[in-house]
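Below is one structure, written out as structure tokens, with a few remarks after it.
Counting convention: from 1, in listed order, for ligands and their atoms alike.
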Amino acid sequence: MLKLYQFAVSGNAHKARMLLSFLGLDYEGIAVDGLNKQHKTAEFLAMNPFGQVPVLVDGDFSLRDSNAILVYLARQYGDAHWLPNEPQALAPVMTWLATSANELAWGPSRLRVHYKFGREINVAESEQITANLLTILETQLTASDWLALDHITIADLAIYPYIALAPEGKVDLSPYPAILAWLRRIQAMPNYVGMIGMWEG
Ligand SMILES: N[C@@H](CCC(=O)N[C@@H](CS)C(=O)NCC(=O)O)C(=O)O
């Protein structure tokens, strides 16, 4: 059976939880003890030398990084709906995975880590990155219901959790009606799973 090493509070792990649910895949969720630094033990570092969740294990195959996990699950167990094959459809999906690893992580995700967990960050810089990202998302989602294509793909799942969790980082989403409509659209999908702290429409 698939295994997902995770923290309950991890938005990165939640990307994987969402796709596992949308694909109807059974999996064992393994709670990593973050308080006791289980993710920094030799045993965990053997799976992910960065000492971070999520990690997916599928038989003999082990994979770190939330966006890589989305790609793996979509290709291995999903269909081209989630991750297209055709280059001019695949490439826009990849742009949003890159945005997830960059602006989303340095903006709203960092602000949440600061306000929810107390980590020191450069707040002004993360607020600036977040404001720019939200403006770009609002423009995209005003023009289209979904981020990359004319239907949901893993691009939307890569971005969704840390936007839905942004209010925990003192980010006000109310000036962004197209983003809020997109959050509602995802939340209305069959087999949608949420997590504590997410914006709910
Ligand atoms: N690029 C990684 C980032 C993973 C990440 O930042 N995980 C956080 C939880 S959401 C973590 O494990 N933090 C603990 C640490 O860095 O020590 C991914 O997308 O999976």
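Crowding of Glu86 atom CD: a count of heavy atoms from other residues, nucleotides or ligands under 6.0 Å exceeding 12.
Using a heavy-atom distance under 4.0 Å as the criterion, the protein contacts of ligand 1 are Phe7, Ser10, Asn12, His39, Lys40, Gly51, Gln52, Val53, Pro54, Asp65, Ser66, Tyr162.
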Side-chain donor-acceptor contacts of residues 169-176 below 3.5 Å, not counting sequence neighbours, with atom names and distances?
from	atom 1	to	atom 2	distance (Å)
Asp172	OD1	Ser174	N	2.9
Asp172	OD1	Ser174	OG	2.7
Asp172	OD2	Ser174	OG	3.1

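For residues 61-83, there are no salt bridge (charged side-chain N to carboxylate O under 4.0 Å, His left out) pairs, not counting sequence neighbours.
Residues passing the salt bridge (charged side-chain N to carboxylate O under 4.0 Å, His left out) test with Asp145 are Arg185, sequence neighbours excluded.
Among Lys15, Gln6, His14, the single residue meeting the side-chain hydrogen bond (donor to acceptor under 3.5 Å, both in side chains) criterion with Ser66 is Lys15. For the side chain to side chain contact (heavy atoms under 4.5 Å, CB included) with Ile154, the qualifying choice from Ile69, Asn67, Leu70 is Leu70, the only one to do so.
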